[in-house]
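For reference, the structure discussed in these notes is given below.
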Amino acid sequence: MNRIITLDEFIIHRQKDFPFASGELTGLLRDIGVAAKIVNREVNKAGLVNILGSAGGDNATGDEVQKLDLYANEKLIECLKNSGECCGVASEEFEDFIPIPAVASKASKYVVVFDPLDGSSNIDVNVSVGTIFGIYRRKSNADGPCTLEDFLQKGSELVAAGYVLYGTSTILVYSTGRGVNGFTLDPSIGEFCLSHRDIQIPNRGNYYSVNQGYYLKFDVEMRRYIDHCSDMNLRLRYIGSMVSDIHRILLQGGIFLYPQTRKYPQGKLRLVYECNPLSFIVEQAGGKAMTCQLQRVLDLEVTHLHQRATIAMGSPDMIDEMKAFVEKYSALPTFN
Ligand code: AHM
Ligand code: MG
């Protein structure tokens, strides 16, 4: 039988691979691992305790906030204070970033961005949700509090990113820029154990993932590409929980699309909290991630915390194919 490797063991073992190998990132990743276990416990209890339903407010981008979102948000922040490595966080649930005071005069060098519970409209119906996170090295002076510029870095400057999927089992997937590894939570020992070593996304897959209900609201090139996916007998899978859809594509291949619609002319998904961290993971696994206007997501300028972006990510050959459709059909005059 293979020896079990826990997340903590793996992080410490990999520490030397990291360019700033001083153990700081190790502490942060462990904090996130602890938060994931706490959130997981609560997500699993969601049907049992009176935590379901709306907290009655809207988040910074106007979506209804579920109670469990707030809980996950709070726990992540609490846990990120533990190691003293994080000088500030920005969360999809808050309008502004939150500076974290230094612990025991430690010079914290990192900021963390996260979507505490993505796909939260799925909670009430017992469908998978996820946490998405990204870690940047701060730009501001380590003597003072963090500043907005620490959070407005391009995705290509991420030093680590990952997600936790609270699904039929709970899995934490992360990358520090040297491949992607996945750890499944073994509830009997309360540890994330290495289950998916060096994940490589297949060059193509049998799935496409898009909210096809918006078909008529998409531009012609996207409609033609979606028609093509259907003509090729690809299977449509759309959970409405991006982490779940991306996780399937990462393991089995496929393409995920969220193009612009009339309601969301810039796309719906958030660049800082959703698109950049997941694009980092997908690229690290050998995939590609670009906007529906064909810019590499990780190269996009970040001008505000809640910026939205269109997105196409997944298997490299399928992204190239999508790109060819966009180039061909967006160049033609449209007769909508
Ligand atoms: P959220 O952060 O408010 O949960 O929204 C993000 C989610 C993604 O997980 C998912 O892919 C998308 O919104 C679904 O949106 P839609 O219902 O418009 O297809
Ligand atoms: Mg989200």
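In each ligand, atom 1 is the first atom listed, and ligand 1 is the first ligand listed. In what follows, every heavy atom counts, from backbone to side chain, and hydrogens, waters and symmetry copies are set aside. Fair warning: this is a prediction, and the values are worked out from it, not measured in the lab.
Ion pairing of Arg137 with Glu157 is absent here, as no side-chain N (NZ or NE/NH1/NH2) approaches a carboxylate O to less than 4.0 Å.
The closest approach between Tyr273 and ligand 1 stays at or above 4.0 Å for every heavy atom of the residue. Distances shorter than 4.0 angstrom do not occur between any heavy atom of Tyr264 and any atom of ligand 1. Residue contacts with ligand 1: Leu269 is included, with a non-hydrogen atom under 4.0 Å away.
Checking Glu93, Glu274, Lys268, Arg270 against atom 12 (C) of ligand 1, the nearest heavy atom belongs to Lys268.
Ligand 1 has a nitrogen or oxygen under 3.5 angstrom from a nitrogen or oxygen of Met242. Distances between N or O atoms of Phe256 and those of ligand 1 include no value under 3.5 Å.
Within the 3.5 Å criterion, the main-chain N or O of Gly190 finds a donor-acceptor partner in the side chain of Lys37. No donor-acceptor distance shorter than 3.5 angstrom exists from the side chain of Arg262 to the backbone of Pro265, with no hydrogens or angles considered. Remark: side-chain polar atoms of Arg296 are not paired, donor with acceptor, to backbone N or O of Thr291 under 3.5 angstrom.
Angle OD2 (Asp115) to the Mg ion (ligand 2) to OE1 (Glu92): 70°, rounded to 10°.
No more than 12 heavy atoms of other residues, nucleotides or ligands shown are found within 6.0 angstrom of NZ on Lys323.
Within the listing of ligand 1, atoms 9 (O) sit less than 4.0 angstrom from a heavy atom of Ser241.
Ring geometry, Tyr225 versus Phe325: the interplanar angle exceeds 60°, so the pair is classed perpendicular (tilted spans 30 to 60°).
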